[in-house]
Structures are given as C-alpha cells and as structure tokens.
Amino acid sequence: MLKQQVVAILNEIGTLLEIQGENMFKVRAYYNAARTIEQLDKELSDVVASGELGELRGIGDTLREKITTLVTTGQLPWYEDLKKKIPQGLFSMLRVAGLGPKKVKALYDELGIDDLDKLKAACERGEVAKLKGFGVKTQEKILEGIEFIRLTGSRVRIDQALPIAMSLVEELRKMPEVQRIELCGSLRRRRETIKDVDILVSSAKPEPIMERFVKLPGVVQVIGTGETKTSVVLDVGAPGRQQLINADLRVVSDEHFPFALHHFTGSKEHNITMRSRAQDKFGLKISEYSIEGDSKSIKVKDEAALFKALGLSYIPPEMREDTGEVDLAEKGQVPTLIEASDIKGVFHNHTNWSDGKATLEEMAEAARTMGFQYLGIGDHSQSLTVANGMSVERVKKQQAQIDALNKKFKNFHVFKGSECDILPDGSMDYPDDVLATFDYVVASVHSHFGQTKEEMTARIIKAVRNPHVTMLGHATGRLLLMRDGYQVDLEAVLQAAAQSGTMVEINAQPSRLDLDWIHCKRAKALGVMLVINPDAHSTGELFLFRYGIDVARRGWLEPGNVFNTRSLEEVKKEFARRKK
DNA sequence: GCCGTTTTCGGCCCGACTGTTTTCAGTCG
C-alpha cells in the first residue's frame, strides 16, 4: 500500500475514534503517526521491511503492528470494522466551523443526520436548535458554516495568497497606531498551500486598525470584528474567478507581541514540542502571552530572545514543523538557511523557441536586470510537440543565436541548455551527439505518467545515470491541489543522484514546488546537489525562483547545498568538468 | 496509544471564545 493511502487511513482512524468519543490522547497518537509517516523522507515499505518503523517517535507496538499490516497486506480488518460503525458523511460535517466530533455525534445519534444536505435541512426546520447543548445561535452558525464551505472549501496555493496578504500587511504598516506587524501561520512558514491568512499587529489602539483592515482591497466580507480579533473573507482568485479564503487580524499589546508571534506562527506541532520541553526542562509554561515560571515571568523583546530564554538558538519560521528543529536548536546546530540573495542565476527557463512567451534576448535582459550573473535556457525537446519542442535543426540555430548574444555581454552569460524529455524507456529525447552540444541538460518526464512505480523509478534512474544529464527536472510531476505526482521511489532516485553526482531541481513554479521540502532534507543528507529553477515561461516568471527558496529553507538547505548559489566562473568550471 | 537519567503508571500544550449554561463542555488555533 502507498504511503499516501496509509497516511489517509491513519488520519481517518483518528477522526473515527474522535467521533466515537475515544480518549483524545489516543486519538492524537493516530494523527501524530499519520504526520510522522507523511513526513518520512524514505520509502515507507523500506522502513517497514528494515524494522525501523518501531523506532520512529510516536510509533509504539500497537501502531507499528497496524501500519505493518496495512503496508504488507494492503488492508486492516480492525479499521474496516471501525469504518462500518460510522457513516462517511460525518466527515464532511466536521468541516463546518463550530462543529467538532461531539456535536457531530450528537446530531447523528439524536437526529440521524449523516451528511451536509440533511444537516442543512434540519437546521432550516429548526430541529437542531432543540437538541441538548445546541441552541438557536448554534443552528444559525451551522447554516453560515455550510454556506462558507460552499463558497471557499479548499486550500489555495501560496502564490495566490502571499501577494495579497503582503499587500494587506504593507497597508496596515503605514498606520501610526501599528507598532509591529507580521504575517503568521502557514504563510509565514511558507507552506506550499494555505488555508487562511493570519496577521498579527501590536498596538495600544486596536480600533482604527480593525476599521482600516475591513476596508482594504481584497476583503469581500466581514465575518466578525472585535477588540483583539477581526475575521474577514478575502478574494484571492484571478480576475473573474472568485477564490475565497479566511483572513484573521489579531492585535495585541507590544509586550505580548513576541509570544503571540511565535504562537500564531506555529506549527501547532512545533508549539507542542516547544511547550512540553519548556515544561519538562525548566518548569516553564509557554502561552501566547508569556513564559511563566512558578514565581517569575520572563520578558522578551522579540522572537529571537524568546528562543534564547529557553536555551535555544533561533529557529526560522520555515523550519517550525516539528521535524527535529527544536533538538537542533538545543545543540546550537540550526543551519544558516539559504536566502534569495544567494542565488546567482537560474537554469530551467523557456523562450518563444518552444512554449515560452518572451524572446531569448528579453529573457536574458530580464535576468541581467534582476542582478543574475547567468541565465540558463532550457527549451523543450523534440518529442514534446504540444509545447513546440525543438528539432535538432532548431537546436543548432538557437545555440548559434545564444553564442552571438553572449558576445554582447560582459559579466553575464547565457548557458545553452535543454529541458529534454525522459522517454518512457528512460532514454533521452536527443541522441548523445546532440546532448553533448548543450552546456547542461535538465531531464524531465512529460509523458506516460501512468507507468507503474517500478517502471517509472527505473525510467528516471536511467536518466539520472545518463552522463549527459546534469539535473533532474520536477521529480514527481505533481500539480498542487490538482494532480498527484506519478508514482516513483524518490529514495531510490535520490540515491542514484547521489551516486552519479546528478543534481536535482527544486522546480519553483508555485503549482509544482517539486522536489518537495521533505525530500530536500533527505537529498541534503544524501549529499545530493539541489538547484532552484523557476521554470519561467516569461520574463516575469523568473521571479518565481523565490518560491523555490521557500521550499529550500523548509528543507533546511544552506547555500552550499544549492548549485545556483555559485558564481558564473564556478558554474562554467563545473560544466566544463562534467564534459570531460 | 505513547513514553520515561527522577516515572512501566499517569501523565500527555495552552488559553480564548462561544453558547448554553447556572459552573462548563466543546471547539479552535
């Protein structure tokens, strides 16, 4: 059974147990196990086979047995029985704001409600308000919640939310009443998809800030407004395509700001680890307002001081996912993460020779203006006809044009590359003599996504081992919130890349962000060199490399782990070395 | 259900808010 399926089942078990009214700590054990498996940077089947499963934190004898059964037999009778007791529709009811497992169970037990349609109808008939523990207000909130799900429902990509969230922050920052302001939540941690926008402000005068907030561009509805918190609905969709998400603004006193900032940045799991540790080690209680001991209260001026007060070095927000960062901070071993300013150029970009919008000259000029030392062009190869893939003949012409262009530049260089298709059998889309004419080759899968995991893994590994291949493009082909990647054993691919010295791309298109951050960590551990590429199809898209920086930082990468932090001379030298 | 250089049993992060309550359970982040 696939890792993603195991994760889904563990989460589902957690919810089923919750609805059944199980002990919350037992429930959490299943959610924790799901998260641990999800963030595993190796193949789950390998971990099971090698016996490492039971050594993972939060997986004891019971969970080890259940997960092993799932992975090896593809099913778990205990889970099947559990599932029979509880209708699937209750899961959709849990998405309604204000409804948790207890209320959902009551609705099911008392009124036989087991899906959203029945829930809506019962509310409209006034039946829900009569239930014990419910009331008219709850009933109204449920109806609003159902409507909100209909309007919003899903997560959005970071590129949809970040620009608008930042513009809100910048507008509020102009106000004299605002002392400090930061984006919080998953946006500050730069997760690839987000559910809502969280903004934190410190001020002695909240009212004018709240008033201004609800009138800012993008705000389409005010859900609630108070002295400490205001909630609105934000439209983050492209013009003409409404896409709504929730946005919360919180205002605290400046003294509370560092505590609140850490609290609302999360992740929840990171906070739990931080708080448990502070409790165990120092008997200190961390909350969103303070750090309290038996007699003392610790004051800090900013987040860095907060970590310091707990004997930890600063942990950047992107690392706060409870994947070992607190241990690292305790030992003073938090890596110096890569920053956007470390990037000297990018390699995987398209021009109007294939499916890009801009000309070669325009792309080069844009890269120069951005302060890059070099730009790599990697138009599509011949078999990708839908993207105007380049015949061998056209490759020669483009290369001649690049050579001519390079004569005009001083301290800037355009590298001749290709985004060459990996054919279904793992061979490349150009013959060796053509591949040899490029400075570098990005190898990507664009077809036959339906191959078995074994076929796909063998196919990609063959490409990775091809001496002409410099780097592997978008390793799984996933499209966030749209399509899962093809099935591939990334551990085997990364090991092959480590062996052959082939680089692996972090494709910075916000719809891809592939290689993902979890496998970035693994790649780093294996010594694989990564490379951040915007996969730009226009001059404006060159800036997308910044989303790749976010992934790299979430993956604990330092400048030395990323090839395009190297200078033009170093890159030239490396490409020349690989030609020998 | 997990976990332990003080523990193999008794803990498990913390506080706010809401609505339904006469003191608190459920939900949320």
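So you know, we letter chains A, B, ... as the sequences are listed, proteins then strands, and number each from 1.
- The backbone N or O of A/Arg320 sits less than 3.5 Å from a side-chain atom of A/Ser267, completing a donor-acceptor pair.
- For the pair A/Thr62 and B/dC2, the criterion of a side-chain N or O lying under 4.0 Å from OP1 or OP2 is met.
- Under the 3.5 Å distance criterion, with hydrogens and angles disregarded, a donor-acceptor pair is assigned to the side chains of A/Glu292 and A/Ser290.
- For the pair A/Gln139 CD and B/dT20 P, the computed distance is 10 Å after rounding to whole Å.
- When the C1' atom of B/dC12 is taken as reference, atom OH of A/Tyr30 falls 17 Å away, rounded to whole Å.
- At B/dG15, one or more side-chain N or O atoms of A/Lys285 fall inside 4.0 Å of OP1 or OP2 (strictly under the cut-off).
- In this structure, CZ of A/Arg188 is placed 19 Å from P of B/dG29, rounded to the nearest angstrom.
- For the side-chain hydrogen bond (donor to acceptor under 3.5 Å, both in side chains) with A/Tyr31, the qualifying choice from A/Thr15, A/Thr36, A/Asn11 is A/Thr15, the only one to do so.
- In this structure, A/His263 has its ring center no closer than 6.0 Å to that of A/His256.
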Please list each protein N or O that sits under 3.5 Å from an N or O in nucleotides 3-11 of chain B, with the distance.
from	atom 1	to	atom 2	distance (Å)
B/dC3	OP1	A/Gly58	N	2.6

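- Rounded to whole Å, the separation between the C1' atoms of B/dC14 and B/dT8 comes to 28 Å.
- Heavy-atom minimum distance, A/Gln88 versus A/Glu12: NE2-OE2, 3.1 Å.
- In the region residues 247-271 of chain A, proximity to DNA chain B at under 4.0 angstrom, judged on heavy atoms, holds for A/His263, A/Lys268.
- A donor atom on one side chain and an acceptor atom on the other are found under 3.5 Å apart for A/Thr323 and A/Lys521.
- Applying the 6.0 Å contact sphere to NZ of A/Lys453 captures more than 12 heavy atoms from other residues, nucleotides or ligands.
- Here, B/dT20 and B/dG26 have their P atoms 14 Å apart, quoted to the whole Å.
- At a cut-off of 3.5 Å, with distance as the only test, no side-chain donor of A/Arg191 or A/Ser186 sits close to an acceptor on the other residue.
- Comparing the C1' positions of B/dC13 and B/dC28 gives a spacing of 14 Å, expressed to the nearest Å.
- The gap from the P atom of B/dT23 to that of B/dC9 amounts to 38 Å, rounded to the nearest Å.
- Heavy atoms of A/Ala97 sit under 4.0 angstrom from primed sugar atoms or phosphate atoms, though from no base atom.
- For the OP1/OP2 pair of B/dG15 and a distance below 4.0 Å, the side-chain nitrogens and oxygens of A/Tyr289 include no atom meeting the criterion.
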Problem set entry | Full working for side chain to side chain donor-acceptor pair (under 3.5 Å) between A/Lys66 and A/Tyr30 | CA-CA 11 Å; A/Lys66 286 187 169 136; A/Tyr30 281 89; 3.1 Å; yes
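- Between B/dC2 and B/dT7, the distance separating the two C1' atoms is 14 Å to the nearest Å.
- The side chain of A/Lys66 approaches B/dG1 more closely than any other nucleotide in the set B/dG1, B/dG26, B/dG15.
- Both A/Gln279 and A/Asp196 sit near DNA chain B, but only A/Gln279 has its closest nucleotide nearer the 5' end.
- The side chain of A/Ser287 places no N or O atom within less than 4.0 Å of a non-bridging phosphate oxygen (OP1 or OP2) of B/dC13.
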For this session: Please lay out, stage by stage, how A/Phe307 and A/Tyr314 fare under the test ring-ring contact (aromatic ring centres under 6.0 Å, His included).
Result: CA-CA 6 Å; A/Phe307 284 107; A/Tyr314 180 75; 5.6 Å; yes
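- Nearest to the side-chain atoms of A/Lys137 among the listed nucleotides B/dC13, B/dT20, B/dG15 stands B/dT20.
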For this session: Any chance you could lay out the side chain to side chain donor-acceptor pair (under 3.5 Å) test for A/Glu52 and A/Ser50, step after step, and finish with the verdict?
Result: CA-CA 6 Å; A/Glu52 290 169 76; A/Ser50 68; 2.7 Å; yes
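- Contact annotation: A/Thr138 does not reach the phosphate of B/dT27 (side-chain N/O to OP1 or OP2, under 4.0 Å).
- Map A/Pro101 and A/Lys26 each onto its nearest nucleotide of DNA chain B; the residue landing nearer the 5' end is A/Lys26.
- Look at CZ on A/Phe148: it is 13 Å from P on B/dC28, rounded to the nearest Å.
- Within 4.0 Å (heavy atoms only), A/Lys229 reaches no atom of the nucleic acid at all.
- Heavy atoms of A/Thr228 sit under 4.0 angstrom from primed sugar atoms or phosphate atoms, though from no base atom.
- What you find for A/Pro335 and A/Lys524 is that their closest heavy atoms are CB-NZ, 4.0 Å.
- Contact annotation for A/Lys105: no contact, since no heavy-atom pair falls under 4.0 Å across all strands.
- No donor-acceptor distance shorter than 3.5 angstrom exists from the side chain of A/Glu269 to the backbone of A/Glu321, with no hydrogens or angles considered.
- Out of B/dC12, B/dG1, B/dT27, the shortest distance to the side chain of A/Arg28 is found at B/dC12.
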Problem set entry | Structure string for DNA chain B in dot-bracket form, Watson-Crick and G-U at under 3.5 Å, | interchain | ((((....)))).((((((....))))))
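- Taking atom NZ on A/Lys102 and atom C1' on B/dT20, their separation rounds to 17 Å, with Å as the unit.
- Distance from the side chain of A/Ser276 is smallest for B/dC13 among the nucleotides B/dG1, B/dC13, B/dT18.
- B/dT21 and B/dG29 are spaced 24 Å apart, taking the C1' atom of each and rounding to whole Å.
- Residue-environment remark: CG (A/Asp484) stays at or below the threshold of 12 foreign heavy atoms within 6.0 Å.
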